[in-house]
Amino acid sequence: MRRPIQSVTPTTGTAEVIGWVHEVRDLGGLAFFLLRDRTGIIQVTIVKKKASEAVLAAAKAVSRESVVRVTGTVKAIDKAPGGRELVPETFEILSMSESPMPLDVVEKVPADLDTRLDSRFLDARRPRVTAVFQVRSAAMHAINNYFENNGFINITTPKIVAAATEGGTELFPIAYFDREAFLNQSPQLYKQMMMAAGFEKVFEIGPIFRAEEHNTTKHLNEATSIDIEVSFADHHEVMRILEDLIVHTYRHVKDSCTDQLANLEIADFEVPRAPFPRLPYAEAIAIAQKKIEDPIKYGDDISSAAERAIGADMGGHYFIVDWPTEIRPYYAMPYENDPSICKAFDLMHPRMELSSGAARVHQHDLLVQQIKKKGLNPGSFEFYLRPFRYGMPPHAGWGLGAERLVMTMLNLSNVREAVLFPRDMHRLVP
RNA sequence: GCCCAGGUAGUGUAGUGGCCUAUCAUGAUUGCCUGUCACGCAAUCGACUCGGAUUCGAAUUCCGACCUGGGCGCCA
């Protein structure tokens, strides 16, 4: 029976392990092989005078990063990593690795991100890369659990659509039989339609596609969006859900990923404390005006430089609330007493935006009016507008970028580090 | 899309007109080595993105293409 390497202790007795040959140190009469699986590393020690012919032959033939099965007795020994080593009775090569390798798994020599992504399967053998995706997995698990435990219905909506969700962003056109279709930029319209269906609380975690030619460390052309929509809720309520979810997710990662965080050399993993400050847009602009060179004024989008300046001031997660209606999508609900601002918000990490959401317009006529104001044609949104004529409840929701959440949580320098196979302007393979 | 910086062995780098038969590390191959843990020692192998131009001479200068990184813009 194969054992995970981590489970082999000084008192294990005999063990079978299967893993990749991480390093080889041949001292002459004595040779050390480090074997790695996703749980850890164990030293296999061969005393050449005592080992069988078959073990010696396999050990001589094997190359680094080959897959081998080793059975033998476990010896407690202080000098070995983990306080134990395996003395092989059998040493079998299951799959030889070619050499040279496209990159150095052991990380004696660094590799550029581009080189790493070209050989992502090898890159991901590195413990610190594995750790990122184990943390991502744990975070997504926590998020799914949170929704399931709080009465949300998990929905799946189409990624092939006929028209843009919001205007503005560029879409990827695709051939749909004899028609043109697009990859969806957001589940926004569909999750809103499920409010009219009476689902009350829905969530969807799925891919979104944007054909923007952006070339930055925080944008992807294919990303994972965590979306919710809640009936009879306003923006305050969904902000509370969002901050609660963030705290819950951080706490789960902190509790369940101690080894991974150690691998990533994150010693001071802090769970943020809710409630997060609510910073009105107007005040955010005022902070930015004081701190950055570039002119920024009320009514502008918040630039990256402004984001960072305000983030430095706030020091942790925070919301920017009460945005000018003009710079938010048509479905954001304007305040009744001052329609020039709306019930929209962004959740910010000091480094960047993580999420945006709003209380939505649920009145058909107001929605049509707002669509027109944005210079869009209500005719192309007919499928979306119809539900608003037959009893659409008031509702609110948000979308949260999964990759940015992982990126900021682990302080990764590039969002591509949080995606196995990133899609950007230059990368379509692998 | 714009601006800046780059493209040299499998990987990461040094080299800004001749001293380059191109540096260093890692790697691979071979040999030696019984406690390594970035093992050590010795030998060997392996590279100037492509096309054009300038020049007696180009990895190095110029032009073009392609590719990469960072910043901005666009975008949530």
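In what follows, chains carry the letters A, B, and so on, assigned in the order in which the sequence lines appear, proteins first and then strands, with residues in each chain numbered from 1.
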Looking only at N and O atoms, is any donor in the side chain of Glu85(A) or the base of G35(B) less than 3.5 Å from an acceptor on the other one? yes

Does a side-chain N-to-carboxylate-O contact under 4.0 Å join Glu403(A) and Arg136(A)? yes

Partners of Phe32(A) by ring-ring contact (aromatic ring centres under 6.0 Å, His included), sequence neighbours excluded? none

Please work out if Ala80(A) contacts a base, only the sugar-phosphate, or nothing of the nucleic acid, heavy-atom cut-off 4.0 Å. base

Would you classify Met425(A) as touching base, sugar-phosphate or nothing, given that sugar-phosphate means primed atoms plus P, OP1 and OP2, and contacts are heavy atoms under 4.0 Å? sugar-phosphate

Listed partners of Ala282(A) passing side chain to side chain contact (heavy atoms under 4.5 Å, CB included), at least two apart: Tyr298(A)

If the threshold is 4.0 Å, N to carboxylate O, is there a salt bridge linking Arg3(A) and Asp37(A)? no

Please list, chain by chain and in numerical order, all residues satisfying side chain to side chain contact (heavy atoms under 4.5 Å, CB included) with Pro100(A), sequence neighbours excluded. none

Protein-nucleotide distance (Leu103(A), atom CG; G10(B), atom P), rounded to Å: 14 Å

Applying ring-ring contact (aromatic ring centres under 6.0 Å, His included) to Trp398(A) and not counting sequence neighbours gives none

By nearest-heavy-atom nucleotide on RNA chain B, the more 5' of Ile208(A) and Pro81(A) is Pro81(A)

Nucleotide G31(B), atom P - distance to NZ of Lys48(A) in whole Å: 10 Å

Interatomic distance at C1', C66(B) relative to G27(B), whole Å: 29 Å

Starting from C1' on C32(B), measure out to CG on Leu30(A) and report it in whole angstrom. 15 Å

Quick one: label Lys75(A) by what it contacts on the DNA or RNA (base, sugar-phosphate, nothing), any heavy atom closer than 4.0 Å. base

Of Pro110(A) and Ser356(A), the one whose closest RNA chain B nucleotide lies more 5': Pro110(A)

If I pick the P atom on G10(B) and the same atom on G6(B), what distance separates them, to the nearest angstrom? 23 Å

To the nearest angstrom, how far is Arg116(A) atom CZ from G12(B) atom C1'? 13 Å

Report the residues that fulfil side chain to side chain donor-acceptor pair (under 3.5 Å) with Asn411(A), sequence neighbours left out, ordered by chain and then residue number. none

Arg126(A)/Glu107(A) ion pair, N-O < 4.0 Å: yes

When you measure from the side chain of Leu27(A), which nucleotide among C74(B), A76(B), U36(B) comes out closest? U36(B)

Answer yes or no on whether Lys201(A) is positioned over the face of Phe152(A), meaning its NZ or CZ is under 6.0 Å from the six-membered ring centre and within 45° of the axis. yes

Could you check whether Glu98(A) gets within reach of a base, just the sugar-phosphate, or nothing at all, counting any heavy atom under 4.0 Å? nothing

All salt bridge (Lys or Arg N to Asp or Glu O under 4.0 Å) counterparts of Glu417(A), not counting sequence neighbours: Arg116(A)

Arg210(A)/Glu222(A) ion pair, N-O < 4.0 Å: no

Sticking with atom C1', work out how far U8(B) lies from C75(B), rounded to a whole angstrom. 37 Å

For Tyr331(A) and A76(B), what is the distance between atoms OH and C1' respectively, to the nearest whole Å? 8 Å

Distance-only polar pair, side chains of Thr45(A) and Glu85(A), donor-acceptor under 3.5 Å: yes

Rounded distance in Å between the P positions of G15(B) and C24(B): 14 Å

For residues 304-320 of chain A, which side-chain donor-acceptor pairs fall under 3.5 Å, sequence neighbours excluded?
from: Ser304(A); atom 1: OG; to: Lys218(A); atom 2: NZ; distance (Å): 3.4
from: Glu307(A); atom 1: OE1; to: Lys218(A); atom 2: NZ; distance (Å): 3.2
from: Asp313(A); atom 1: OD1; to: Lys291(A); atom 2: NZ; distance (Å): 3.1

I need the residues from residues 284-291 of chain A with at least one non-hydrogen atom less than 4.0 Å from RNA chain B; give them sorted by number, or say none. none

Taking NZ, NE, NH1 and NH2 as the nitrogens, is one of them in Arg36(A) or Glu23(A) under 4.0 Å from a carboxylate oxygen of the other? no

Looking only at atom P, what distance separates U30(B) and G70(B), rounded to whole Å? 39 Å

Euclidean distance, atom CZ of residue Phe33(A) to atom P of U34(B) [Å, nearest integer]: 15 Å

Show me, range against range, the stems involving RNA chain B, built from at least 3 consecutive Watson-Crick or G-U pairs below 3.5 Å. B:1-7 with B:66-72, B:10-12 with B:24-26, B:27-32 with B:40-45, B:49-53 with B:61-65

When you compare G46(B) with A9(B), how far apart are their P atoms, in angstrom units rounded to a whole number? 14 Å

Enumerate donor-acceptor pairs with a distance under 3.5 Å from any side-chain N or O in residues 423-430 of chain A to protein atoms, sequence neighbours excluded.
from: Arg423(A); atom 1: NH1; to: Pro430(A); atom 2: O; distance (Å): 3.2
from: Arg423(A); atom 1: NH2; to: Leu428(A); atom 2: O; distance (Å): 3.1
from: Arg423(A); atom 1: NH2; to: Pro430(A); atom 2: O; distance (Å): 3.3
from: Asp424(A); atom 1: OD1; to: His426(A); atom 2: N; distance (Å): 2.8
from: Asp424(A); atom 1: OD1; to: Arg427(A); atom 2: N; distance (Å): 2.8
from: Asp424(A); atom 1: OD2; to: Arg416(A); atom 2: NE; distance (Å): 2.7
from: Asp424(A); atom 1: OD2; to: Arg416(A); atom 2: NH2; distance (Å): 3.2
from: His426(A); atom 1: NE2; to: Asn215(A); atom 2: ND2; distance (Å): 3.3
from: Arg427(A); atom 1: NH1; to: Asp118(A); atom 2: OD1; distance (Å): 3.0
from: Arg427(A); atom 1: NH1; to: Val429(A); atom 2: O; distance (Å): 3.2
from: Arg427(A); atom 1: NH2; to: Asp114(A); atom 2: O; distance (Å): 3.3
from: Arg427(A); atom 1: NH2; to: Asp114(A); atom 2: OD1; distance (Å): 2.6
from: Arg427(A); atom 1: NH2; to: Asp118(A); atom 2: OD1; distance (Å): 3.2

Between the protein and nucleotides 26-28 of chain B, which nitrogen or oxygen pairs come in under 3.5 angstrom?
from: G27(B); atom 1: OP1; to: Lys108(A); atom 2: NZ; distance (Å): 2.9

Can the ring centroids of Phe33(A) and Phe91(A) be said to lie less than 6.0 angstrom from one another? yes

If I take atom CZ in residue Arg126(A) and atom P in nucleotide G12(B), what distance separates them, rounded to the nearest angstrom? 10 Å

Glu170(A) CD to C74(B) P: how many Å, rounded? 13 Å

How is Leu34(A) classified with respect to the nucleic acid when contacts are heavy atoms under 4.0 Å: base, sugar-phosphate, or nothing? nothing

Taking the C1' atom of each, how far is A59(B) from U23(B), in whole Å? 13 Å

Among A76(B), C33(B), U36(B), which is the nearest nucleotide to the side chain of Asp26(A)? C33(B)

Can you tell me which nucleotide in U11(B), U34(B), C74(B) comes closest to the side chain of Ala111(A)? U11(B)

Taking only side-chain nitrogens and oxygens of Thr45(A), does any of them come within less than 4.0 Å of OP1 or OP2 of U36(B)? no

In whole angstrom, give me the gap between the C1' atoms of C20(B) and A47(B). 13 Å

What does nucleotides 66-73 of chain B look like as a protein-contact string, B for base, S for sugar-phosphate only, - for none, at under 4.0 angstrom between heavy atoms? --S-SSBB

